[in-house]
Amino acid sequence: MRFHTRKWVKPEDLNANGTLFGGKLLAWIDEEAALYSIIQLENNFVVTKYISEINFVSSAKQGDVIEIGIGVVKFGNSSITLCCEVRNKMTRQTIITIDKIIMVNLDKDGKPAAHGKKQIEFVHERLERSKNDKVKGEKEN
Ligand SMILES: CC(=O)SCCNC(=O)CCNC(=O)[C@H](O)C(C)(C)COP(=O)(O)OP(=O)(O)OC[C@H]1O[C@@H](n2cnc3c(N)ncnc32)[C@H](O)[C@@H]1OP(=O)(O)O
């Protein structure tokens with residue numbers, strides 16, 4: 001699991017008890033899952049289909065720095081299944097875990113479409129590959 005995004009818990013993120021509002025946290029996670037899927041599937045048109053049980057393990061308070069981790073459970077045909085953990089950046093205390101977040105790759109008509117991906121890719125490797133392919137193509141011509 002990779003922890004890409006950090007958040008600073010501010011007054012507007014709190015519930016009536018003064019701790020991080022669960023709905024706010026879920027919105028951050030949904031956006032992170034969407035961003036992760038968009039980058040992996042190389043398609044901006046990806047939607048959240050299904051989220052499994054959510055375990056709120058501990059709370060966060062104003063001023064805490066938290067980080068959102070996303071991992072890939074499975075690449076499907078049109079879907080990608082992710083897992084998520086959010087933890088306190090300083091103490092590593094788990095705040096929430098989600099076993100399965102299923103995101104679906106859509107075509108321009110909003111219908112599920114095969115994404116053709118089988119494994120995690122890194123943008124820098126993609127760029128390196130396309131640079132090498134270009135050089136190879138130039139040598140062949
Ligand atoms: C980031 C955001 O905020 S997005 C906004 C919130 N999300 C939405 O608005 C999405 C609304 N839902 C939809 O538009 C539709 O349900 C769609 C287009 C996502 C999917 O339509 P469906 O008719 O269910 O598609 P379909 O049956 O072909 O399933 C598509 C994929 O999702 C998977 N899937 C569908 N339902 C489920 C489910 N309940 N649990 C797990 N996986 C599921 C399927 O297995 C399939 O995966 P695969 O192609 O890798 O095998």
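Atoms within a ligand are numbered from 1 in the order they appear, just like the ligands themselves.
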Would you verify that at least one protein heavy atom lies under 4.0 Å from atom 40 (N) of ligand 1, or report that none does?
yes
Does a donor on one side chain and an acceptor on the other come within less than 3.5 Å for Ser52 and Asp99?
no
Output, in order, the C-alpha distance, side-chain angles, deciding distance and verdict of side chain to side chain donor-acceptor pair (under 3.5 Å) for Glu67 and Thr5.
CA-CA 6 Å; Glu67 55 183 358; Thr5 296; over 6 Å; no
Is Tyr50 in polar range of ligand 1, meaning some N or O pair under 3.5 Å apart?
no
Distance from atom 42 (N) of ligand 1 to nearest protein heavy atom, with residue and atom
Ile102 CD1, 3.5 Å
Is at least one protein non-hydrogen atom found at under 4.0 angstrom from atom 13 (C) of ligand 1?
no
Ligand 1 atoms nearer than 4.0 angstrom to some heavy atom of Ser79 are 47 (O), 48 (P), 49 (O), 50 (O)
Determine yes or no for a side-chain-to-main-chain donor-acceptor pair under 3.5 angstrom, with His4 supplying the side chain and Ile68 the backbone.
no
Could you find the nearest protein heavy atom to atom 21 (O) of ligand 1 and give me its residue, atom name and distance?
Pro112 CG, 4.0 Å
Provide, to 0.1 Å, the distance between atom 11 (C) of ligand 1 and the closest protein heavy atom, together with that atom's residue and name.
Thr48 O, 4.7 Å
Among all protein non-hydrogen atoms, which one is nearest to atom 34 (N) of ligand 1, and what is the separation to 0.1 Å?
Lys49 CG, 4.1 Å
N-O pairing of Arg126 and Glu42 below 4.0 Å:
yes
Is atom 23 (O) of ligand 1 less than 4.0 angstrom from some protein heavy atom?
no
Knowing that exactly one of Val65, Thr19, Leu14 qualifies, which makes a side chain to side chain contact (heavy atoms under 4.5 Å, CB included) with Val9?
Leu14
Can you list the atoms of ligand 1 that are under 4.0 Å from a heavy atom of Gly76?
50 (O)
Nearest protein heavy atom to atom 19 (C) of ligand 1, by residue and atom, and its distance?
Val47 CG2, 3.6 Å
Can you check whether a protein heavy atom sits less than 4.0 angstrom from atom 44 (C) of ligand 1?
no
I need the atoms of ligand 1 closer than 4.0 Å to a non-hydrogen atom of Leu106, numbered in the order shown.
18 (C)
Is there a protein heavy atom at a distance of less than 4.0 Å from atom 32 (O) of ligand 1?
yes
Ala34 heavy atoms within 4.0 Å reach ligand 1 at atoms 1 (C)
Show me which atoms of ligand 1 lie under 4.0 Å from any heavy atom of Asp30.
2 (C), 3 (O)
I'd like to check Ile29 versus Leu25 (side-chain heavy atoms, cut-off strictly below 4.5 Å). Are they in contact?
yes
Taking atom 36 (N) of ligand 1 as the reference point, report whether a protein heavy atom occurs under 4.0 Å from it.
yes
I need the atoms of ligand 1 closer than 4.0 Å to a non-hydrogen atom of Val104, numbered in the order shown.
31 (C), 32 (O)
Test side chain to side chain contact (heavy atoms under 4.5 Å, CB included) on Val123 and Ile39 and set out the steps.
CA-CA 8 Å; Val123 172; Ile39 294 164; 3.8 Å; yes
Let me check something: do Val104 and Phe45 share a hydrophobic cluster, defined by ILVMFWY side-chain heavy atoms less than 4.5 Å apart, either directly or through other members?
yes
Could you please spell out the steps behind the salt bridge (Lys or Arg N to Asp or Glu O under 4.0 Å) verdict for Asp64 and Lys61?
CA-CA 6 Å; Asp64 282 352; Lys61 59 183 189 315; 3.2 Å; yes
In the structure I gave you, are the side-chain heavy atoms of Phe122 and Leu127 within less than 4.5 Å of one another anywhere?
no
Test Phe75 against Gln40 for side chain to side chain contact (heavy atoms under 4.5 Å, CB included), laying out the working first.
CA-CA 10 Å; Phe75 285 89; Gln40 284 302 317; 4.3 Å; yes
List the closest protein heavy-atom neighbour of atom 49 (O) of ligand 1: residue, atom name, distance to the nearest 0.1 Å.
Ser78 OG, 2.7 Å
Is there a side chain to side chain contact (heavy atoms under 4.5 Å, CB included) between Ile66 and Trp28? Walk through the geometry before answering.
CA-CA 11 Å; Ile66 66 169; Trp28 289 340; 3.8 Å; yes
